[in-house]
Student: 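Dropping a structure here in structure tokens format, bear with me for questions.
Note: hydrogens, waters and symmetry copies are ignored here, and every other heavy atom, side chains too, is used.
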Amino acid sequence: QGHLVESGGGLVQPGDSLRLSCEASGRTSSAYAMAWFRQAPGKERDIVAMITQKGLNTFYADSVKGRFTISRDSAKSAVYLQMTSLNPDDTAVYYCAAAAFPGYQTAMAAYKFWGQGTQVTVSS
């Protein structure tokens, strides 16, 4: 059984920064790739960023490149998403996910374990 718990969401103004955290336990603590997805109202859930098991490779959606940074701390079984220069288009529920397969995984189908989500709202 795996368990992921996100934290760090909230209401911020455009241009602000926010750091999301995800703590893993159980089978997810030694997961392969881990990723952050987001889902805005009325839209599909999309990948935002991904980091491979040892942190050697990362992926970012075009919309967040240069603004968001994903990192992981294997000792703490945690993954983080540092978000800067936030804008209203970043408003969404952000989900942490752990892959069930090794390697560089960006497809949602590769992710077996999911957190409950944390709301990020960017508004003036």
Student: Decide ring pair (Phe, Tyr, Trp, His ring centres under 6.0 Å) for W36 and F68; before the verdict, give the C-alpha distance in whole Å, the side-chain angles of both, and the deciding distance to 0.1 Å.
Tutor: CA-CA 11 Å; W36 288 94; F68 290 11; over 10 Å; no
Student: Step by step, would you call S123 with L11 a side chain to side chain contact (heavy atoms under 4.5 Å, CB included)?
Tutor: CA-CA 7 Å; S123 176; L11 172 63; 4.2 Å; yes
Student: How about L86 and L18: do any of their side-chain heavy atoms sit closer than 4.5 Å?
Tutor: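 Yes, side chains in contact.
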Student: Are Y32 and Y111 connected, step by step, through hydrophobic side chains (Ile, Leu, Val, Met, Phe, Trp, Tyr) whose heavy atoms are closer than 4.5 Å?
Tutor: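 No: no chain of side-chain contacts under 4.5 Å links Y32 to Y111.
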Student: At their closest point, which heavy atom of A40 faces which heavy atom of A92, and how far apart are they?
Tutor: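 Residues A40 and A92, closest heavy atoms: N-CB, 3.8 Å.
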Student: Mind running side chain to side chain contact (heavy atoms under 4.5 Å, CB included) on T69 and Y60 for me, showing each step along the way?
Tutor: CA-CA 8 Å; T69 303; Y60 295 96; 3.8 Å; yes
Student: Roughly how far apart are W114 CH2 and H3 NE2, rounded to 0.5 Å?
Tutor: 15.5 Å
Student: Assigning hydrophobic clusters by single linkage (Ile, Leu, Val, Met, Phe, Trp, Tyr; side-chain heavy-atom cutoff under 4.5 Å), is L81 placed with V122?
Tutor: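 Yes, same cluster.
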Student: Check whether any side-chain heavy atom of C96 lies under 4.5 Å from a side-chain heavy atom of V79, and answer yes or no.
Tutor: yes
Student: Identify whether L20 and F37 are in the same connected component of the hydrophobic contact network (ILVMFWY, side-chain heavy atoms under 4.5 Å).
Tutor: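 As far as the 4.5 Å side-chain criterion goes, F37 and L20 are not connected within one cluster.
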Student: Does the side chain of D16 come within less than 4.5 Å of M83's, by heavy atoms?
Tutor: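 Sidechains of D16 and M83: no contact.
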Student: Could you state whether F113 and V48 fall into the same hydrophobic cluster, counting links through intermediate Ile, Leu, Val, Met, Phe, Trp or Tyr residues with side-chain heavy atoms under 4.5 angstrom apart?
Tutor: yes
Student: Please report the shortest heavy-atom distance between Y94 and E6, naming the atom on each side.
Tutor: O-OE2, 3.9 Å
Student: List in chain and number order the residues that pass salt bridge (Lys or Arg N to Asp or Glu O under 4.0 Å) with K43, two or more places apart in sequence or in another chain; answer none if no residue qualifies.
Tutor: none
Student: So do the side chains of K76 and E23 get within less than 4.5 Å of each other, counting heavy atoms only?
Tutor: no
Student: Please answer: with hydrophobic residues joined when any side-chain heavy atoms are less than 4.5 Å apart, are V120 and Y80 in the same cluster?
Tutor: no
Student: To the nearest 0.5 Å, what is the distance between CE (M34) and OG (S71)?
Tutor: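 Those atoms lie 11.5 Å apart.
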Student: Is there a side-chain contact between Q82 and S17 (heavy atoms, below 4.5 Å)?
Tutor: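 Touching, per the 4.5 Å side-chain cut-off.
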Student: I'd like to check I70 versus R72 (side-chain heavy atoms, cut-off strictly below 4.5 Å). Are they in contact?
Tutor: no
Student: Quick check: closest heavy atoms across P14 and S124, and the distance to 0.1 Å?
Tutor: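 For P14 and S124, the tightest heavy-atom pair comes out as CD-N, 3.7 Å.
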Student: Under the side chain to side chain contact (heavy atoms under 4.5 Å, CB included) rule, what do T58 and T52 come out as? Steps first, then yes or no, please.
Tutor: CA-CA 6 Å; T58 57; T52 51; over 6 Å; no
Student: Once salt bridge (charged side-chain N to carboxylate O under 4.0 Å, His left out) is applied, what residue pairs with a partner in residues 77-100 remain, sequence neighbours excluded?
Tutor: R38-D90, R67-D90
Student: Could you check whether Q119 and T121, counting side-chain N and O atoms only, form a donor-acceptor pair closer than 3.5 Å?
Tutor: yes
Student: Using the test side chain to side chain contact (heavy atoms under 4.5 Å, CB included), find all partners of T106 that sit at least two apart in sequence or belong to another chain.
Tutor: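 Expected list: I47, M50, F59, Y104.
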Student: Any pair with a residue in residues 91-103 that passes salt bridge (charged side-chain N to carboxylate O under 4.0 Å, His left out), sequence neighbours left out, goes on the list, sorted by first then second residue, please.
Tutor: none
Student: Can you tell me which residue pairs pass the salt bridge (charged side-chain N to carboxylate O under 4.0 Å, His left out) test with a partner in residues 51-62, sequence neighbours excluded?
Tutor: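 Of all non-adjacent pairs touching residues 51-62, those that pass salt bridge (charged side-chain N to carboxylate O under 4.0 Å, His left out) are D62-K65.
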Student: Partners of R19 by side-chain hydrogen bond (donor to acceptor under 3.5 Å, both in side chains), sequence neighbours excluded?
Tutor: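 None.
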